[in-house]
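Below is one structure, written out as structure tokens, with a few remarks after it.
Letters A, B, ... are given to chains in the order of the sequence lines, protein chains preceding strands, and every chain is numbered from 1. Only a predicted model underlies this, so the values are computations on that prediction, with no experimental measurement involved. Worth knowing before you read on, the calculation uses all heavy atoms, side chains too, and leaves out hydrogens, waters and symmetry mates.
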Amino acid sequence: MPRYNPATIEPKWQTYWETHRTFACPRLPKGRKLYVLDMFPYPSGDGLHVGHPEGYTATDIVCRWRRMLGDSVMHPMGWDAFGLPAEQHAKRTGTPPRATTERNIANFRRQLKMLGFSYDWDRELATTDTDYFRWTQFIFLVLFDTWYDEAQGRGRTIAELPIPADVKHQGDDAVQRYRDEHRLAYQLEAPVNWCPALGTVLANEEVQGGVSERGGHPVTRIPLRQWMLRITAYADRLEKDLDKLDWSESIKLLQRNWIGRSTGAEVDFFIGAQPLAASQPKEFDAWVKSRRKTGFPRKAGDDVLRVYTTRPDTLFGATYMVVAPEHPFVERLTTPEQAKAVRAYCDRAARKSDLDRTDLAKEKTGEFTGSHAINPVNGEAIPIWVADYVLISYGTGAIMAVPAHDTRDFEFAQQFKLPIVAVVDPGDDPAVDRDAVLAGRQCSIADGVAINSSDAYDGLATSEFKRKITEDLTAAGQGRGAVNYKLRDWLFSRQHFWGEPFPILHELDAAGHPTGRLRAVPANELPVDLPAAMTFDAAHASPEPPLERAPADWLYVEIDGKRYKRETNSMPQWAGSCWYYLRFLDPRNDRALVDPEIERAWMPVDLYVGGAEHAVLHLLYARFWHKVLFDRGYVSGDEPFARLVNQGMILGEMEFTGYQDSSGDWVSASQVASTADSGFVVKKTGAQVKPVKLAADAVEKQGDAFVLKNNPTVAVDSRAYKMSKSRGNVVNPDQVVADFGADSLRLYEMFMGPLEAVKPWSMEGVSGVYGFLNRVWRMILDERADAVALNEAVADAEPTPEQARMLHKTIKAVTEDLGQLAFNTAIARMMEFVNFFLKESVRPRAAMEGLVLLLSPFAPHLAEELWQTLGHEKTLAHEPWPSFDEALIKEDVVEVPIQIQGKLRARVEVPAEADAAATLAAAKASPRVAELLEGRTIVKEVVIPGRMVNFVVR
RNA sequence: GCGAGAGUGGCGGAAUUGGCAGACGCGCUGGACUUAGGAUCCAGUCCCGAAAGGGGUGCAGGUUCAAAUCCUGUCUCUCGCACCA
């Protein structure tokens with residue numbers, strides 16, 4: 001085996017690791033534990049792309065390194081295997097989703113094993129395994145059995161939910177209904193995002209700008225019975241507990257923004273019992289008096305319109321109110337004269353998709369209801385409008401509009417000529433036109449000083465005003481401080497076949513209609529498996545779940561003489577990934593989702609690596625489930641992932657693009673704009689141009705742009721794009737392994753740049769690290785020999801001081817870089833080592849072995865092969881990590897730069913341990929320095945021993 | 001529009017956190033070996049300049065003995081959010 005040939009050594013060592021169970025992880029950690037987790041992949045039909053091995057290699061390096069440090073390392077892998085594509089494939093071809101899924105998993109498993117990752121494959125699981133989703137269903141039952149106790153700030157079993165006396169009096173059905181209303185898993189008849197093209201309902205977060213996130217298909221809103229999870233109950237804890245996590249600030253911020261906590265006040269505006277036009281001063285006075293006595297009611301009555309505002313300090317500037325078209329008061333508030341217009345408006349709004357309500361609708365729309373409400377702070381009657389810029393799903397679904405200090409209200413007020421009253425003086429900030437704001441010609445949302453807000457408040461700073469008026473409103477029973485979240489409850493049901501069935505039965509009456517009573521499938525009867533015999537209808541395109549057509553023996557159940565129908569919705573793909581990290585710890589347990597002893601020993605995950613695309617949803621959902629499991633005593637901690645790192649996306653190769661107009665003439669890239677439908681036009685004329693891909697040698701750099709080499713007046717675009725099938729720039733890991741080997745792929749992905757950065761792929765870069773691995777091979781082995789033999793330069797010799805320094809410097813640098821996940825610089829240091837030792841005619845065996853061990857986490861196959869050739873019988877996976885001796889790293893003499901006026905002028909060599917005085921003396925003794933200092937007055941001498949000297953002269 | 005991050009050679013990126021800018025790799029140039037080179041080895045490679053020297057980390061200022069690094073302003077790019085009151 002003379003030359004480095006990954007195609008032979010890589011399978012050899014993969015087989016060795018597998019047969020020796022080299023990476024089997026013990027049931028409980030021995031010594032220090034480390035749980036390192038990759039975001040498990042969805043096994044798509046396309047196989048692995050090069051983005052997967054990026055994070056997987058990073059974690060694998062950490063795991064291999066820490067095993068050599070003696071830690072117990074948990075490093076599992078599995079499959080997030082439910083998903084729509086397998087079901088759509090079934091509709092097209094008739095192949096059952098399970099068969100497609102198993103085939104895809106087999107391919108993914110093959111590809112991952114090909115890359116030599118040190119997973120404990122005995123722990124492999126798929127979310128589609130019945131032994132796995134049995135426990136996913138179990139956790140759903142926990143959610144179903146839990147209510148959130150606000151007073152205690154935790155989830156508790158539904159049996160402990162206090163039942164109000166009046167509910168109790170109404171009988172068992174009322175009690176059951178009351179419980180159902182408080183469960184963390186509850187049903188709701190709600191408008192949902194129905195996507196006909198995908199044949200499913202999507203969660204709000206899966207809809208982006210009115211089209212589906214996956215595929216960009218149109219989405220319409222239709223009412224449907226749905227399962228919801230009450231994640232909003234945990235919003236506060238989900239936000240606060242971010243503080244204790246070692247996650248990047250940007251990801252925490254993303255989650256914080258998503259949760260969207262805001263503080264402000266709820267305020268009731270009096271509308272009277274019969275809210276017709278005009279104001280009703282007498283009734284208002286009576287209301288004010290009674291409120292002073294009763295205080296602010298928990299639920300708003302019919303006599304008021306309750307709003308939520310973050311700016312209670314602008315109450316005096318409220319000149320109108322707006323309710324959402326779906327607000328329950330719309331009909332009551334609408335006067336007969338306005339009825340026709342309002343009803344038409346609400347109908348239109350209902351039919352509008354989210355897309356129409358946001359992007360395209362730059363112009364505000366709305367209708368006057370004909371009614372007025374009375375502003376509690378000044379008794380003024382203000383008109384109530386209905387408009388779709390107010391969302392029913394946030395706050396109370398109604399707002400007080402303060403056009404002077406809210407951009408949206410300002411636009412609306414201008415549109416409909418409503419009065420604008422400034423109540424905050426923005427002050428002398430040069431960024432705002434103060435006079436325009438005060439005159440109501442411009443909107444300012446900035447804090448400032450109160451004006452036009454009665455003697456009691458004028459002159460107060462915004463924050464102080466907010467505090468004071470909230471107190472006053474509370475005392476008057478007209479308002480109270482309130483907190484709101486952008487986060488909505490989680491739409492948890494899907495109209496899919498290929499998902500976890502809900503372990504829920506719906507009771508049927510004699511006529512076969514649901515009674516509304518639910519029955520949970522007992523935990524010991526789980527799993528509820530999917531029906532085996534199903535045909536998939538390609539034309540199926542109604543919101544009705546496919547399981548509605550399941551065989552009757554699956555669909556209907558009889559218990560104690562009562563007939564039940566199974567729930568036919570299924571769970572979303574997120575469900576399985578919400579808790580897989582727990583199951584990895586104890587994957588074959590058939591008595592519990594995880595043994596508590598094992599859970600305590602291994603949790604939390606110490607390092608979780610994955611793509612930033614899961615920064616919000618997956619991580620938020622998993623944290624939510626974990627907190628519920630914690631509250632209910634199934635896990636020992638309340639956060640699952642102690643440290644999170646997001647790998648950056650790998651883009652395709654850098655591309656140069658020029659633009660040609662219809663006559664074939666080049667157009668400079670700076671004059672070209674892209675259009676919405678991914679075409680390109682000349683900015684000025686709007687004429688179509690077509691993009692032309694250019695070879696790298698057809699362009700050159702000029703200034704900070706690239707231009708055509710043969711026509712430098714034409715600028716071209718240069719950038720790397722996201723890999724996509726349509727662009728044709730996808731890199732296939734199978735091909736890279738075939739050409740260069742897995743070690744080269746691993747090493748290249750780590751050498752590209754920092755783990756968290758977005759980086760363009762470069763095939764030439766792969767061949768670069770391949771060259772490095774070849775040099776490592778030749779440094780230690782004789783590639784001209786017929787059999788495996790050491791290079792004759794490798795000897796059992798003592799390293800020279802210089803060689804020892806190189807070895808120990810490298811050990812130190814690589815070790816420190818590993819601790820910071822700085823793999824790119826660690827590799828660079830090993831390259832320096834190899835560059836050095838290739839020039840040495842005597843290469844001490846100890847130094848060679850040191851490098852092999854350092855390299856082994858990065859390029860494990862090559863390292864094992866070299867280790868064996870160096871005379872070792874067993875794998876190096878559990879060899880102790882090399883240690884370094886600081887004393888051997890120290891240089892005897894160091895070169896110190898000498899600056900004059902901060903400019904580098906000379907260098908002098910001084911003993912490494914020279915102090916400031918000695919260093920300064922050496923500097924002055926340098927002839928070059930003396931010459932430059934000639935005739936100058938030294939004003940200041942700055943000396944950092946061992947680093948530099950700077951003379952400030954006059 | 002709001003929020004976050006990033007701008008360093010032809011390219012990917014280093015820089016012990018304020019102390020020699022460009023480590024390491026690719027590419028490129030020249031050379032050696034070779035039937036051959038998309039193999040290997042040697043030398044060179046930030047820019048201007050023959051050299052001495054000068055300039056240089058998106059741009060403009062500032063702080064400092066000293067700035068890629070800190071501060072102010074500004075431009076560009078990437079990502080996220082987007083009527084959340």
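- Heavy atoms of A:Ser250 sit under 4.0 angstrom from primed sugar atoms or phosphate atoms, though from no base atom.
- Side-chain N/O atoms of A:Asn824 include none lying less than 4.0 angstrom from OP1 or OP2 on B:G12.
- Taking every side-chain heavy atom of A:Val942 into account, B:G19 is the closest of B:G3, B:G19, B:G10.
- When the P atom is compared between B:U16 and B:G22, the two are found 13 Å apart, to the nearest whole Å.
- Taking only side-chain nitrogens and oxygens, A:Lys701 comes nearer than 4.0 Å to OP1 or OP2 of B:C11.
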Pick out the pairs of N or O atoms, protein on one side and nucleotides 15-18 of chain B on the other, that lie under 3.5 Å.
unit_1 : atom_1 : unit_2   : atom_2 : d
B:U16  : N3     : A:Arg947 : NH1    : 2.9
B:U16  : N3     : A:Arg947 : NH2    : 3.3
B:U16  : O4     : A:Arg947 : NH1    : 2.9
B:U16  : O4     : A:Arg947 : NH2    : 3.3

Detail all sub-3.5 Å separations between protein N/O atoms and N/O atoms belonging to nucleotides 37-41 of chain B.
unit_1 : atom_1 : unit_2   : atom_2 : d
B:U40  : O3'    : A:Arg778 : NH2    : 3.1
B:C41  : OP1    : A:Arg778 : NH2    : 2.9

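- Remark: A:Lys252 engages A:Glu249 in a salt bridge (Lys or Arg N to Asp or Glu O under 4.0 Å) (not counting sequence neighbours).
- A:Arg256 has its CZ atom 16 Å from the C1' atom of B:C81, to the nearest Å.
- Heavy atoms from other residues, nucleotides or ligands lying under 6.0 Å from CZ of A:Arg829 number 12 at most.
- Counting only Watson-Crick and G-U wobble pairs whose two distances sit under 3.5 Å, RNA chain B takes part in these stems of three or more pairs: B:1-7 with B:75-81, B:10-12 with B:24-26, B:27-32 with B:40-45, B:46-48 with B:53-55, B:58-62 with B:70-74.
- A side-chain donor-acceptor contact under 3.5 Å links A:Tyr389 and A:Asp409.
- Using a 30° and 60° split on the angle between ring planes, A:Trp761 and A:Tyr748 fall in the perpendicular class, above 60°.
- By the 4.0 Å N-to-carboxylate-O rule, A:Glu941 lies close enough to A:Lys924 to be salt-bridged with it.
- Sequence order on RNA chain B of the closest nucleotides to A:Pro897 and A:Lys940 puts A:Pro897 first from the 5' end.
- For the atom pair A:Phe858 CZ and A:Asp743 CG, the distance stands at 12.0 Å (nearest 0.5 Å).
- Electrostatic pairing of A:Arg805 and A:Glu891 counts as a salt bridge here, judged by a charged N lying under 4.0 Å from a carboxylate O.
- With a glycosidic angle no further than 90° from 0, B:G9 counts as syn.
- A:Leu253 comes within 4.0 angstrom of the backbone, heavy atoms only, and of no base.
- Under 4.0 Å is where a charged nitrogen must lie from a carboxylate oxygen, and between A:Glu832 and A:Lys809 no such pair does.
- The side chain to side chain contact (heavy atoms under 4.5 Å, CB included) check on A:Arg947 picks up A:Ile944, with sequence neighbours excluded.
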Original post:
Along nucleotides 51-63 of chain B, 5' to 3', which nucleotides get a B, which get an S, and which get a -, given that the test is a protein heavy-atom distance under 4.0 Å?
Top reply: --SSS--------

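- Here the separation of B:A4 from B:A82, taken at their C1' atoms, is 15 Å to the nearest Å.
- Using a 4.0 Å cut-off between charged side-chain N and carboxylate O, A:Arg261 and A:Asp236 make a salt bridge.
- Figure legend: cation-pi geometry between A:Lys364 and A:Phe412 absent, as NZ or CZ is not positioned both under 6.0 Å from the six-membered ring centre and within 45° of its axis.
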